[in-house]
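Below is one structure; the comments refer to it alone.
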Amino acid sequence: MVNMIIDGKNVTARKDTMLLEAIRGAGISVPTLCAHESVSRSGACRLCVVEIKKGNRTRIVTSCLYGVEEGLIVNTKSERVVNVRRLVMELLLARCPESDVLQKMAEDMGIEAQTRYAVDTDKGKCILCRSCVRVCEEVVGVSAIGLFSRGSYKEVGTPYHEPSDACIGCGACVYVCPTGHIEMTSTGETRKIWGRTFKMQACTKCGKYFAPVDQLKFISKKTGTSMDELAVCTECR
Amino acid sequence: MTKPISIAAKTRQIVKKHGNAKSAVIAVLQDLQEAFNYLPKEALKTAAKAMDVPMSRIYEAATFYTAFSLEPRGKHVVKICKGTACHVRGAAILQDRFETTLGIKPGGTTKDGLFSLETVNCVGACALGPVVVINTEYHGQVTISKVDKIIKKINKEEGAQ
Amino acid sequence: MSGNTDKQSHAILDNLTLYYGPKRKFVAICAGTGCRAYGSLKVKDALEAELKKQNMADVDVLATGCLGFCEKGPMMIIHPDKYFYQSVKESDIPEIVEKTIGKGEIISRLLYRHPETQKTLFREEDLPFYKKQLRAVFGKNGMIDPSRIEDYFAIDGYQALAKVLAEMTPEQVISEVKKAGLRGRGGGGFPAAVKWEGVRNAAGEPKYVIANGDEGDPGAYMDRSLMEGNPHSVIEGMIIGAYAVGSNHGYIYVRNEYPLAVENLSKAIEAAKANGLLGKNILGTDFSFDIQINKGAGAFVCGESSALFASIEGRAGEPRAKYVHAVDKGLYDKPTVLNNVETWANVPLIINKGADWFASIGTEGSKGTKIFSLVGKINNTGLVEVPMGTTLYEIIYDMGGGITGGRKFKAVQTGGPSGGCIPESLLDLPVDFDRLYEVGSMMGSGGMIVMDDTSCMVDVARYFLEFLKEESCGKCVPCREGVRRMSEILEDICAGRGREGDIDLLETMSAAIADGSLCALGGSAPNPVLSTIRYFREEYEAHIRDHRCPAGVCKALISYNIDAEKCTGCGVCVKVCATKAITGELKKVHTIDNEKCTRCGACIQSCKFDAIYVK
């Protein structure tokens, strides 16, 4: 166990945890956008920053990736921290003016849009948190989508913006996206995502369409389970 | 005269040269860029298969690094140095002149496929600034009239207008 | 020790070393990228042909790397007298061979002429450009043809390595480098030995040793000239470092824009291998080390350590949060030493001449020498190597020969896009890692860009932010979005759309971007803005409040006008104007229509009577 002082409170935490967990465990709230329980941490949004003091040195670090240390003094509300969080929210509001998730978050944090920034109209609701790309790589294992180009031209999608052969239509990316940017439309028999239409499998027991055929084929190949077994929806199993 | 080799075959050759190693993605792309003067889609798809690397990872590298282009480059690639020393010596007005005369912006290629325009950040020939590199030829102390002369000369050589 | 008798490594090397002797007749011609652009290879070919013709084929011609005084290329130094000839043309060759090489006679028109005294100076060391330099690292370029390992042997090349393998333990090597006080030359200024110690003590195999040759700062080309001109110095340094930390695999990451450096490094690696200096059982010991070259692909951010690792690993060059250091988890998550090319080149020097010698040069906090690229509005453009602690004034005026066109100095920009601008009032500042930080700049990799009164400092800040915006990897919000927005505000200011409150906003954004960014690209992006606001606030205010660009640069805020006194009506300007904004009859004063004029500058460049001025 490790002892730290967070916002003046004595806090103990397990050795191999990140500051984010330790701070939240102490009942202090920390905003995040790019951290998701099902994928690795990337430190991309910078919202979870805190100010730490070790000996004489103070630093601003992202609590999602900084491991707890004995004797650390943490301040989650310092002026520097507040300014970074305000900057990040102002920038994201200008990037994705239509995102209600961001607007609500900003409101809760007492942050308003910075009118000096011209708003973008071509970024949709994507904040480039990269959770979708990570879930596709780390959990699903197909890496159908990726991050392309760099800087403000950076975007998420399939290579050449074309329907991807690697995509299995599972929708995990939609599930982890914090702003609802990724479009997935279902008509029962079919599901459309990332420009590709997938045929859905009907449950052999109840007849409900529940998963893309390609997704089940992928699972079958990976686990050796037969398609017959997989063609039964979770409720009927 | 040897039979021209297909894009896929050439790609597999290049991947093999780098030991099919996954970490050689960038080196493979560099060789492909040199071989074809751009990165053909077929080459990238072949490389992904041959290296057992997801297509998205190949495309990630292909679009991140400016050394690569997904569109064919022009026969004469004009690189304007925009290093600080050249900037201070007036590189911006040369870029203007190239853009106006050729009708393209950096990253673009003229319709006749003769010229591609790019900016590059410091080629390390600062004493000659402002510098313009065309393919492998360095032009130093470039002025607007030199820009006009260069474009005229190339057009003449290529029999274009 | 490394399972080797004291004498074995030395003996192997003695067999390879050549001794040329002080009376050797040879000509060094600079064949670095800069001089090649001047046509120096043709001059070299002409020289070789002429020597043969005049029966002097025994005179050696060395196509060397950069010799530093780039302004005066193509240049040659004729040994053993060491005569320095500048701006040599092919047509000068027959005379040079006959008179200087053949008879020792000097051709005065090819000599450097002091701009004030008009005196001609014969030897390199007499030239004001070279006089105050201490070319401990860079000076060797003039003695070697980088494609000949024998030349490197002749200047005690690889003697440091032999000494290390035969006489020193890895810990002793680290201790010697620590005593010398070598700090990284790439920009961070981190003590090299501390890094090495960290890797030596870290858990994890294999360990890696990498040379950062990505030199992305625009205007800086020191590393390029070292890699081109003396690749063995970098290789030898890396082998010694690898021995010290316990690594058997090394990489040199070279910028894509440096093809000659890649070529010369590759050849040098092959030559070193062929002579038992790389590969298995180096110099007969049980220490093995190999080096692979990785080329960059056009991304400035790959100069950042974790982005560099990602690039070698075949990914996009996106940095990682650095709460776990590279010395513990670097390339492929293994302990890695990453040092700049110039840092590595200093290592053989420290071993050969000793830590005490190295530490006797420089200041308290910054030991040794540093190579700077002195460029911009400076008379003597080139690469200078000076002891740390030399003042900016000495570099710019004594060595640099002052401002071109006799104009007024305005600022010197150091540290590239991560650095800042230093005004005239601070010219007495000694070059030192810590002193430069104090004034809001940094040493960076060594780029020194001199600006005069025709440079607009707001435009300079705009330029750097545009650069950083294009080079940002795009991973984190403060840099990807914040630098972009700062860039937009600066574009506005330069275009006359600046608003009251913009300076305050830039300062507020700067603090948060510096604190919030994931890596140093975003982290130091605000520096050019903050330092120009700090020292040139009036210029910002003139742009915002008065819509005026005092330096006459920002196109939207200036107008071109024809001086009726000077205009001869020759009509040259009319021909070059792309928008037909100039009208006038032949031999009568012309006028510019400011509605059509785009301030492209073509007319000013073409006017032979200086009749067009900027308001």
Side-chain angles (χ1 to χ4, degrees), chain B residues 21-30 33 51 53 57-58 60-68 79 81-94 96-97 99-101 106 118-129 131 133 136-140 143-148, chain C residues 32-34 36-38 70-73 215-221 224-225 256-259 294-300 302 311-318 332 373 375-377 381-382 413 416-417 447 449-452 455 460 463-464 467 470-471 473 576 578 598 600-602 605-606:
Chain B
K22 290 195 208 304
S23 61
V25 169
I26 291 167
V28 165
L29 292 179
Q30 281 163 337
Q33 176 76 33
M51 298 172 84
V53 159
R57 180 140 355 154
I58 303 277
E60 165 196 295
T63 55
F64 182 89
Y65 295 101
T66 56
F68 307 130
K79 292 189 177 143
C81 179
K82 282 186 79 182
T84 319
C86 285
H87 173 77
V88 152
R89 283 189 183 188
I93 60 176
L94 301 178
D96 266 355
R97 194 64 165 189
E99 284 179 13
T100 331
T101 318
E118 282 168 30
T119 58
V120 65
N121 288 314
C122 195
V123 296
C126 311
L128 286 125
V131 172
V133 184
T136 52
E137 213 181 306
Y138 285 69
H139 299 261
T143 56
I144 290 198
S145 64
K146 269 195 192 169
V147 170
D148 292 342
Chain C
T33 301
R36 281 185 190 214
Y38 274 128
C70 307
E71 190 69 39
K72 302 296 183 189
E215 193 167 58
D217 285 357
Y221 59 105
R224 202 234 20 236
S225 303
N256 189 46
E257 291 83 346
Y258 289 169
N294 271 60
K295 276 174 23 188
F300 170 79
C302 285
S311 184
I312 294 180
E313 291 168 14
R315 305 296 310 254
E318 288 184 331
Y332 297 114
S373 69
V375 297
K377 298 297 188 77
T381 301
Q413 207 280 339
I449 297 132
V450 177
M451 300 171 184
D452 65 11
S455 310
V460 167
Y463 161 86
F464 277 121
F467 173 86
E470 293 297 312
E471 296 294 339
C473 80
V576 296
T598 59
C600 77
Q605 279 193 4
S606 65

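Per chain, numbering begins at 1; letters A, B, ... match sequence-line order. Hydrogens, waters and symmetry mates play no part in the numbers below; they use all other heavy atoms, side chains included.
- Annotation: the span from S311(C) atom OG to F64(B) atom CZ amounts to 8.5 Å, rounded to 0.5 Å.
- Side chain of Y138(B) to main chain of R36(C): no donor-acceptor pair is present (N/O by atom type, distance under 3.5 Å, no hydrogens or angles).
- Taken from CD1 in I144(B) to CD in Q605(C), the straight-line distance is 5.0 Å, to the nearest 0.5 Å.
- At least one donor-acceptor pair under 3.5 Å links the side chain of R224(C) to the backbone N or O of V123(B).
- When atom types are taken as modelled, the side chain of Q30(B) and the backbone of G296(C) share a donor-acceptor pair closer than 3.5 angstrom.
- Within the 4.5 angstrom heavy-atom criterion, atoms from both the backbone and the side chain of E71(C) approach chain B.
- Atom OG1 of residue T381(C) and atom CG of residue L128(B) lie 9.0 Å apart, to the nearest 0.5 angstrom.
- If you measure heavy-atom distances from K82(B) to chain C, the contacts under 4.5 Å come from both the backbone and the side chain.
- Listed options G34(C), P417(C), G314(C), A297(C) were ranked by heavy-atom pairs under 4.5 angstrom with chain B; first place goes to A297(C).
- Listed here is the closest heavy atom pair of S23(B) and Y332(C): CB-OH, 3.1 Å.
- Ranked by non-hydrogen atom pairs under 4.5 Å with chain B, the options E257(C), E470(C), R315(C), E313(C) are led by R315(C).
- The residue among G382(C), G73(C), A299(C), A602(C) with the most heavy atom pairs within less than 4.5 Å of chain B is A602(C).
- Contacts between F300(C) and chain B at a heavy-atom distance below 4.5 Å are absent for every atom of the residue.
- Heavy atoms closer than 4.5 Å to chain B are found nowhere in S606(C), neither backbone nor side chain.
- Side-chain contact check for N121(B) and E471(C): at least one donor-acceptor pair (N or O, by modelled atom type) lies under 3.5 Å.
- Annotation for R97(B) and A578(C): closest pair NH1-CB, 3.7 Å, computed over non-hydrogen atoms.
- No side-chain donor-acceptor contact under 3.5 Å links T84(B) to the backbone of G219(C).
- Looking only at heavy-atom pairs under 4.5 Å with chain B, the residue among G317(C), P259(C), G447(C) that has the most is G317(C).
- Note: I26(B) CD1 to C302(C) SG = 7.0 Å, rounded to the nearest 0.5 Å.
- Formation of a donor-acceptor pair under 3.5 Å by the R89(B) side chain with backbone atoms of G376(C) is found in this model.
- For V450(C), the part lying near chain B is the backbone, with the side chain staying farther off; criterion is any non-hydrogen pair under 4.5 Å.
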